[in-house]
Amino acid sequence: QVQLVEIGGGLVQAGGSLRLSCAASGRTDSVYTTAWFRQAPGKERAFVSGITRNGATLYTNSVKGRFTISREIGKNMVYLQMNSLKSEDTAVYYCAADTDRLSYAPDSRQGQYDYWGQGTQVTVSS
């Protein structure tokens with residue numbers, strides 16, 4: 001079992017920055033990939049970014065150049081630094097962990113992830 005807790009959501013003006021943190025506990029040695037997904041009002045949950053155990057990263061096109069995913073292995077933490085935020089980034093952000101599949105690159109399909117956090121709200125005001 002892996003437990004995930006997201007920290008760091010909030011309200012920010014367009015153009016501002018936020019850093020989300022995902023704290024993992026439990027069988028963290030079994031986590032191959034950690035990812036961030038988001039769900040905007042009235043929309044499906046969608047992949048934002050992911051990072052594998054080996055440090056390979058993947059971003060959805062709309063956040064490339066603005067968001068950066070990183071990790072602190074010793075602290076079992078994964079971060080999502082979000083800069084130049086836009087109103088369309090408003091969503092509930094979820095941290096997810098894949099413990100089943102060792103891969104060279106993160107998978108963007110949410111069905112591949114077997115543990116999820118409770119989500120944290122990010123609201124960007126224009």
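Sequence positions, counted from 1, serve as the residue numbers for this chain.
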Smallest heavy-atom separation, Asp107 atom then Tyr113 atom, equals O-OH, 2.5 Å
Counting only heavy atoms not in Gln1, do more than 12 fall under 6.0 Å of its CD? no
Any donor-acceptor pair under 3.5 Å linking the side-chain atoms of Arg53 with those of Tyr32? no
Checking Asp100 side chain against Asp114 main chain: does a donor-acceptor pair fall under 3.5 Å? no
Met77 and Ser21 have their tightest heavy-atom pair at CE-CB, 3.6 Å
Tell me, do Phe67 and Leu85 make a side-chain contact under 4.5 Å, heavy atoms counted? yes
Flag side-chain contact, heavy atom, 4.5 Å: Val63 against Lys86: no
Membership question, hydrophobic clusters at under 4.5 Å side-chain separation (ILVMFWY): are Ile69 and Leu4 in the same one? no
Using modelled atom types only, decide if a donor and an acceptor are shared between the side chain of Arg66 and the backbone of Ser84 within a distance under 3.5 Å. yes
So how far is it from Thr34 OG1 to Asp98 CG, rounded to the nearest 0.5 Å? 9.0 Å
Please report the closest heavy-atom contact between Arg38 and Ser62, naming both atoms and the distance. NH2-OG, 3.4 Å
Mind checking the OG-CD spacing from Ser17 to Gln81? Nearest 0.5 Å is all I need. 5.5 Å
Are Asp29 and Val31 side-chain neighbours, meaning at least one heavy-atom pair lies under 4.5 Å? no
Taking the side chain as every heavy atom from C-beta outward, state whether Glu6 and Trp36 have any pair of such atoms under 4.5 Å apart. yes
Test side chain to side chain donor-acceptor pair (under 3.5 Å) applied to Tyr79 and Arg19, step by step: CA-CA 7 Å; Tyr79 306 101; Arg19 188 176 83 156; 4.7 Å; no
Give the intermediate values and the outcome of side-chain contact (heavy atoms from CB on, under 4.5 Å) for residues Val2 and Ser30. CA-CA 8 Å; Val2 176; Ser30 66; 3.9 Å; yes
Could you report the tightest heavy-atom contact between Leu20 and Met82, atom names first, then the distance? CG-CE, 3.7 Å
Please report the C-alpha distance between Trp116 and Phe37 in whole Å, then the side-chain angles of each, then the deciding distance to 0.1 Å, and finally whether the ring-ring contact (aromatic ring centres under 6.0 Å, His included) criterion is met. CA-CA 10 Å; Trp116 293 81; Phe37 287 77; 5.0 Å; yes
Please, which pairs that meet disulfide bond (SG atoms under 2.5 Å apart) have at least one residue in residues 6-106, sequence neighbours excluded? Cys22-Cys95
Kindly indicate, with the supporting measurements, whether the criterion side-chain contact (heavy atoms from CB on, under 4.5 Å) is fulfilled by Thr52 and Tyr104. CA-CA 7 Å; Thr52 68; Tyr104 290 108; over 6 Å; no
Just list the side-chain donor-acceptor pairs under 3.5 Å for residues 40-51, sequence neighbours left out, or say none.
residue: Arg45; atom: NE; partner: Gln110; partner atom: OE1; Å: 2.9
residue: Arg45; atom: NH2; partner: Gln110; partner atom: OE1; Å: 3.2
residue: Ser49; atom: OG; partner: Leu58; partner atom: O; Å: 3.0

Just by distance, do the side chain of Thr28 and the backbone of Ser25 share a donor-acceptor pair under 3.5 Å? no
Side chains of residues 119-126: which donor-acceptor partners sit under 3.5 Å, not counting sequence neighbours?
residue: Thr120; atom: OG1; partner: Gly9; partner atom: N; Å: 3.2
residue: Gln121; atom: NE2; partner: Ala91; partner atom: O; Å: 3.4
residue: Gln121; atom: NE2; partner: Thr123; partner atom: OG1; Å: 3.3

